[in-house]
Protein chains: 2
Amino acid sequence: MVAPSLRARVRAGMIDEIKAVARRHLATDGANLSLRAVARDMGMVSSAIYRYFPSRDDLLTALILEGYEALGDAVEAADAGADRADLRGRWHAVCRAARAWALAHPAEYALLYGSPVPGYAAPDDTVAPAQRPPMTLVGILRDGVAGGRLHPSGEELPEPLRSDVAELAALIEVDLPPALLARAMAGWTQLFGLISFELFGRINRMLPHRDEYFDHQTGLMADLIGLPA
Amino acid sequence: MVAPSLRARVRAGMIDEIKAVARRHLATDGANLSLRAVARDMGMVSSAIYRYFPSRDDLLTALILEGYEALGDAVEAADAGADRADLRGRWHAVCRAARAWALAHPAEYALLYGSPVPGYAAPDDTVAPAQRPPMTLVGILRDGVAGGRLHPSGEELPEPLRSDVAELAALIEVDLPPALLARAMAGWTQLFGLISFELFGRINRMLPHRDEYFDHQTGLMADLIGLPA
DNA sequence: GATCCGTCAAGAGCAGCGCTCTCGGTTTTG
DNA sequence: CAAAACCGAGAGCGCTGCTCTTGACGGATC
């Protein structure tokens, strides 16, 4: 590890500051991030930004990547902080952590999970960090099966689907019965839907106790999966 | 009903044509709809559009409203086309219709259920049509309970939540046990999540048989609700 | 120590955007 | 028939992302 040159360090600091300012703008003004406004906030001219990011989309990509990492960190930390044997407690901890992060960073969550920008195509770098939250949920089930605390039912998926899910399980290197993995995916889908409805929609505008609603709905999915109480 | 003047008729036609062209642009270019491009396609100057829509947001609102109505029509038609006594068949028909509409109109679906545009606030006119799809799902349960084909379990929600959901049930004038209504909301959330993942995400890029996956996942929610096979 | 090359911020400029206002011309209305 | 309402075109404002050129600075090299 050779010491980076002064210029390299200054440059890295600039990149970090640009991302920080951009994230601040994202939080206040929403998804339509203006490069010129970011530059203005930094006392620079808009063209100077292009020394650090070749385009606005690349800046957004950097923010998306960091967002996935931040969400993944929060989710995995919540899982690690729970009693390993308490599958249901871990499930709820992970779900709550994802929701808490989304509520704390709504604009970034919208960037990650909202409707994609038309011209924009997420690069492949984003796919691995994006899988961390659902993989954490799957990890709970894997631990449960391995530890004998979660007993998969003998349910078998109908055939065109069973091999699809089995291949998916092999791809992500998870040794779970396809039927159980499908239920885990339903739980992940539900979690995403719950958070998105709370952030974007006004569906549960009339539900004052949102924490309790969230816990109950994620608990329903824990039931569906078969996590023991 | 007095006959509308020639100008009024031509004006209504213009409004329709603007919306049609805008919808076409929406389908190709995505959510960042350009008023000037729409005007160009119509052989007009951009300022002329403002004779018909006071702002770009109002045009989008009109498109959103029509989108909700179209989705609601599709969903209700699917429900109406199924055997009234076959609760599970109706459930699947409604879910499939929503998915089919979304796949056929991805940009409009993104407009309805994607991340909201920062400055934009949906007017109250949109709330009623937006509730048609979930209300259709709830209607299946209501018919089932009324017809004696769906027997709600004795499950009771814990207290802060029970009264919330009960008030919500009263608000939408649905006489269902709160616990059952909560499960219906979970099903609706799941449906939204499934469609969004398929449209936006690349989660199930590796699931070739998407129809079967969708049916199975919505079937899981039918199980959770207790719809009889 | 002078030189040279890579890097940097700044500025001008292009095309596009939403939106406003004004100006003639047409249509409807009283 | 005159007044009022409506319409499209055009100019223009401030904004956007982005490109290109210019001049200055800094670290490494001879």
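Lettering follows sequence order; numbering is per chain, from 1.
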inquiry  = It should be established whether B:S34 places a side-chain nitrogen or oxygen under 4.0 Å from OP1 or OP2 of nucleotide C:dG18.
reply    = yes

ask   = How close or far is atom P of C:dT7 from atom CE of A:M14, stated in whole angstroms?
value = 15 Å

inquiry  = Rounded to whole Å, how long is the line connecting atom CE of A:M44 with atom P of C:dT7?
reply    = 17 Å

query = Is A:R56 reaching over with its side chain to a backbone N or O of A:L35, donor-acceptor style, under 3.5 angstrom?
reply = no

inquiry  = Donor-acceptor check, side chain of B:S115 to backbone of A:S115, threshold 3.5 angstrom: yes or no?
reply    = yes

ask   = For A:Y52, which contact category applies under a 4.0 Å heavy-atom criterion: base, sugar-phosphate, or nothing?
value = sugar-phosphate

ask   = Rounded to whole angstrom units, what separation is found between the CG atom of B:D41 and the P atom of C:dC17?
value = 11 Å

key: Length of the line joining A:N32:CG and C:dC17:P, which is rounded to integer Å   = 16 Å

key: Donor-acceptor pair, side chain of B:Q217 and main chain of A:A182, under 3.5 angstrom   = yes

query = So does B:S47 reach the base of D:dG8 with its side chain, donor to acceptor, closer than 3.5 Å?
reply = no

inquiry  = Side chain of B:Y50 only, heavy atoms from C-beta on: which candidate in C:dT20, C:dC8, D:dC18 is closest?
reply    = C:dT20

inquiry  = For a ring-ring contact (aromatic ring centres under 6.0 Å, His included) check, start with the C-alpha distance between A:Y113 and B:F200, then their side-chain angles and the critical distance, and finish with the verdict.
reply    = CA-CA 8 Å; A:Y113 293 105; B:F200 304 157; over 10 Å; no

remark   = Ranking C:dC17, C:dA9, C:dC19 by distance to the side chain of B:S55, first place goes to C:dC19

note = Closest to the 5' end of DNA chain C, once A:R11 and B:R51 are matched to their nearest nucleotides, is A:R11

query = Which of the following nucleotides, C:dG13, C:dG18, C:dC17, is nearest to the side chain of B:R56?
reply = C:dG18

task = Would you classify B:M42 as touching base, sugar-phosphate or nothing, given that sugar-phosphate means primed atoms plus P, OP1 and OP2, and contacts are heavy atoms under 4.0 Å?
result = nothing

note = Separation of D:dG17 atom C1' from A:R40 atom CZ, nearest Å, is 13 Å

query = Counting any heavy atom closer than 4.0 Å, what does B:L33 reach on the DNA or RNA strands: base, sugar-phosphate only, or nothing?
reply = sugar-phosphate

inquiry  = Expressed as a whole number of angstroms, how long is the span from B:I18:CD1 to C:dG18:P?
reply    = 13 Å

request  = Pick base, sugar-phosphate or nothing for A:S46, based on heavy-atom distances below 4.0 Å to the nucleic acid.
outcome  = base

remark   = Atom CG of B:D58 and atom P of C:dG18 are separated, to the nearest Å, by 14 Å

key: NZ/NE/NH1/NH2 to OD/OE distance under 4.0 Å, A:D211 and A:R96   = no

key: Separation of C:dG16 C1' from B:L35 CG (nearest whole Å)   = 13 Å

